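Heads up: the structure comes next, in structure tokens.
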Amino acid sequence: MDFISLCFILSSLIFSFFLINYLLKFSSFGHVKLPLPPGTMGWPYIGETFQLYSQNPNTFFASKVKKYGSIFKTHILGCRCVMISSPEAAKLVLVSKAHLFKPTFPASKERMLGKQAIFFHQGDYHTKLRKLVLRAFMPEAIKNIVSEVESLAVGSLESWEGKLITTFQEMKTYAFNVALLSILGKDEVLYREDLKRCYYNLEKGYNSMPINLPGTLFHKAMKARKELAQILAKILSLRRETKQNYNDLLGSFMGDAEGLTDEQIADNMIGVIFAARDTTASVLTWILKYLAENPSVLQAVTEEQEAIIKDKEKCGEEKSLNWADTKKMPITTRVIQETLRVASILSFTFREAVEDVEFNGYLIPKGWKVLPLFRNIHHSPDNFTEPEKFDPSRFEVAPKPNTFMPFGNGTHSCPGNELAKLEILVLVHHITTKYRWSMMGPQNGIQYGPFALPQNGLPIRLSLRT
Ligand code: HEM
Ligand SMILES: *[C@@H]1O[C@H](CO)[C@@H](O)[C@H](O)[C@H]1NC(C)=O
Ligand SMILES: CC(=O)N[C@H]1CO[C@H](CO)[C@@H](O)[C@@H]1O
């Protein structure tokens, strides 16, 4: 055999090896059989739940990312999941292939908020709801409630004056009141206390064992859910009688020509309170902590806010804040952005693959959960230098697409983000110009419940500035 035929035989062997290998990748249905992402699945059923909860969850995610890269598989709480922490993968799941990844929540959350709430849906019903929610929360709509938000902020601050308070608890009340204002407009005050009591019982019961026997927290929660629906039904029927036009979320829901049922309206009003309260309250809590720890930043924010007051005096404008004022707060705005990044209160979100999806040569199998890890993306040194450092000036340059997503992205991104920013700006305006606060407890602990929060909700003492 001459050298040339030997080469020919060898190369055909190599060629057939690759051909067979390639053909083997196709299953009997003709689909490409891709490998699963790297990672370990832990024990049967419990998987790696224990590893996740025995430490700070972010340490678990971070060590996995280090070991396996930005996409890896794991098994927690009985679910097989793929966790992703690159901007490209987040874009795929939340934006470009959003239709292949449906939202998914634990059953307890669905029971609490109601099956018809916006978060749980995909497709036409979701699109319709989202349009109605956005209509009530877009800048054009919330421009008109700046001075009412301001009254709520001023009222809260006055009630804390000279007292030792738990920042998170108090911010929850403020955020609840603003949420109600945006839902019910001026009707808010009439129902505030009743709605607050019901919502509180509902929330306490939803974290408990689902045993519906008299006396249990769960039973009380079920009762509270009914009472909430009754109060809302009363408001609905009053509004239907008066036939006025309302600019608030309830007005938007009721005005829809296609018509939502009372139950759909109730589920979504409770859903919005749920989405709006603890999120905004924990961001506000972190802001007070970071401002207290960074005196030069506090100084810069205070000066920016004082300049707004002086400008208004000079122009002879009335004292109360308006929408245009809130657009003259670039330093404060960067403090909010940096707080959202460092604290990343929503560490991740959940989706479920509705069919087999390929990403970067890996298979994400149908039925698996997919978790975009916002916190890891926000803390990646590739996207943010010295990621653990609180440095608002980094936002003088706009972040790259899909590297900074405190409000998510795509079809389910936060429709309340403008309102959240507004109520934070307004409170920061008044607290920095009139007050000072000191932190009263241990200052380095973080608790997760489920949002990241300074230990014990950040006890502070608030006093008037001298
Ligand atoms: C700083 C405070 C807030 C943060 C960090 C935040 C964050 C988020 C994020 C990340 C999502 C998307 C979740 C996902 O894709 O799975 C979301 C959705 C949502 N948020 Fe917010 N949010 C905040 C405040 C608010 C407020 C004040 C409201 C209402 C007034 C609100 C209403 C909603 C609603 C209704 C959704 C669901 C949207 C949908 O499924 O289409 N949020 N929020
Ligand atoms: C959301 O995704 C789009 C498309 O990739 C991108 O242009 C945009 O900047 C993203 N938004 C955020 C907040 O990253
Ligand atoms: C735009 C950009 O720089 N993206 C990078 C952010 O960090 C991840 C890894 O953590 C990289 O994969 C991205 O390329």
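None of these values were measured; they are calculated from a predicted model. Read the numbers this way: they start at 1 and go in the same order the structure lists the ligands and their atoms. Worth knowing before you read on, the calculation uses all heavy atoms, side chains too, and leaves out hydrogens, waters and symmetry mates. Index from 1, following the sequence.
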- What is the nearest protein non-hydrogen atom to atom 24 (C) of ligand 1, stated with its residue, atom name and distance? Thr279 OG1, 3.6 Å

- Message: Test of understanding: given a 4.0 Å heavy-atom threshold, classify the contact between Ala276 and ligand 1 as side chain, backbone, both, or neither.
- Response: both

- Phe384 and His378 aromatic ring geometry - parallel, tilted or perpendicular at 30°/60° bounds: perpendicular

- Message: Could you check whether any heavy atom of Ser182 sits closer than 4.0 Å to an atom of ligand 1, since that is the contact criterion I want to use?
- Response: no

- Report the part of Asn417 (side chain from C-beta onward, or backbone N, CA, C, O) that has a heavy atom under 4.0 Å from ligand 1; answer both or neither where that applies. neither

- Message: Would you say that more than 12 heavy atoms from the other residues, nucleotides or ligands in this model lie under 6.0 Å from the NZ of Lys143, or not?
- Response: yes

- Where is the nearest protein heavy atom to atom 7 (C) of ligand 1: which residue, which atom, and how far? Leu346 CD1, 3.4 Å

- Atoms of ligand 2, numbered as shown, that sit under 4.0 Å from any heavy atom of Val95: 2 (O)

- Task: Considering non-hydrogen atoms only, spot the tightest contact between Leu250 and Arg239 and give its length.
- Result: CB-NH1, 3.5 Å

- Message: Ignoring hydrogens, what is the shortest heavy-atom contact between Arg394 and Glu338? Give both atom names and the distance.
- Response: NE-OE2, 3.0 Å

- ligand 1 N/O within reach of Thr280 N/O, cut-off under 3.5 Å: no

- Among Ala275, Gly408, Ala175, Ala136, which residue places a heavy atom closest to atom 33 (C) of ligand 1? Ala275

- Indicate, as side chain, backbone, both or neither, the part of Met405 found under 4.0 angstrom from ligand 1 when only non-hydrogen atoms are considered. neither

- Query: Any idea which protein heavy atom is nearest atom 12 (C) of ligand 1, and the distance to it?
  - Reply: His412 O, 3.4 Å

- Message: Is the shortest side-chain heavy-atom distance between Thr167 and Trp437 below 4.5 Å?
- Response: no

- Query: For atom NZ of Lys186, is the number of surrounding heavy atoms from other residues, nucleotides or ligands below 6.0 Å larger than 12?
  - Reply: no

- Query: So between Phe407, Phe451, Phe119, whose heavy atom ends up nearest atom 11 (C) of ligand 1?
  - Reply: Phe407

- Ignoring angles and geometry beyond distance, decide whether Thr349 reaches within less than 3.5 Å of ligand 1 through its nitrogen or oxygen atoms. yes

- Under 4.0 Å from one or more heavy atoms of Thr411, ligand 1 contributes atoms 41 (O)

- Would you check whether Arg130 has a nitrogen or oxygen atom less than 3.5 angstrom from a nitrogen or oxygen atom of ligand 1? yes

- Message: Within the supplied structure, the quantity of interest is the number of heavy atoms (other residues, nucleotides, ligands) at a distance under 6.0 Å from Glu306 CD; does it exceed 12?
- Response: yes

- Are Arg351 and Leu94 close enough that some pair of their side-chain heavy atoms sits under 4.5 Å apart? yes

- The protein heavy atom nearest to atom 15 (O) of ligand 1 is Arg351 NH2, 2.8 Å

- Sidechain-backbone polar pair: Tyr68 side chain, Pro37 backbone, donor-acceptor under 3.5 Å: no

- For atom 5 (C) of ligand 1, the closest protein heavy atom turns out to be Pro406 O, 3.7 Å

- Message: Which of the numbered atoms in ligand 2 are under 4.0 angstrom from any heavy atom belonging to Lys91?
- Response: 5 (O)

- Starting from atom 17 (C) of ligand 1, locate the nearest protein heavy atom and write down its residue, its atom name and how far away it is, to 0.1 Å. Cys414 CB, 3.5 Å

- Of the side chain and backbone of Phe137, name the one, both, or neither that has a heavy atom under 4.0 Å from an atom of ligand 1. side chain

- Message: If the contact criterion is a heavy-atom separation under 4.0 Å, does Val178 count as touching ligand 1?
- Response: no

- Hey, does Ile287 have a side-chain heavy atom less than 4.5 Å from the side chain of Leu291? yes

- Message: Among all protein heavy atoms in this structure, tell me which lies nearest to atom 14 (O) of ligand 2, with the distance rounded to 0.1 Å.
- Response: Asn402 N, 2.8 Å

- Salt bridge or not for Lys289 and Glu293, using N-O below 4.0 Å? yes

- Considering only non-hydrogen protein atoms, determine which one is nearest to atom 9 (O) of ligand 2 and report residue, atom name and distance to 0.1 Å. Pro401 CB, 3.5 Å

- Shortest protein heavy-atom distance from atom 1 (C) of ligand 1, along with the residue and atom involved: Val283 CG2, 3.7 Å

- Query: With under 30° as parallel and over 60° as perpendicular, where do the rings of Phe119 and Phe274 fit, or are they tilted in between?
  - Reply: perpendicular

- Item | For atom 12 (C) of ligand 2, closest protein heavy-atom neighbour | Asn409 ND2, 3.6 Å

- Item | Proximal ligand 1 atoms for Leu419, defined as those under 4.0 Å from one of its heavy atoms | 30 (C)

- Within the 4.0 Å heavy-atom cut-off, what Phe404 brings close to ligand 2 is backbone

- Query: Who's the nearest protein heavy-atom neighbour of atom 35 (C) of ligand 1, and how far?
  - Reply: Pro415 CG, 3.7 Å

- Can Arg277 and Glu203 be counted as an ion pair, charged N to O under 4.0 angstrom? yes

- Task: Would you check whether Thr403 has a nitrogen or oxygen atom less than 3.5 angstrom from a nitrogen or oxygen atom of ligand 2?
- Result: no

- Message: For ligand 1 and His126, I'd like to know whether there is a polar contact (N/O to N/O, distance under 3.5 Å).
- Response: yes

- Which class fits the ring pair Phe395 and Phe404: parallel under 30°, tilted 30 to 60°, perpendicular over 60°? tilted

- Task: Using the six-membered ring wherever Trp is involved, compare the ring planes of Trp286 and Tyr290 and label them parallel, tilted or perpendicular (cut-offs 30° and 60°).
- Result: parallel

- Message: With heavy-atom distances below 4.5 Å as the criterion, would you say the side chains of Leu184 and Met269 are in contact?
- Response: yes

- Looking at ligand 1, does Val133 have a heavy atom less than 4.0 Å from it? no

- Query: Quick one: are Asp278 and Lys172 in side-chain contact, heavy atoms under 4.5 Å?
  - Reply: yes

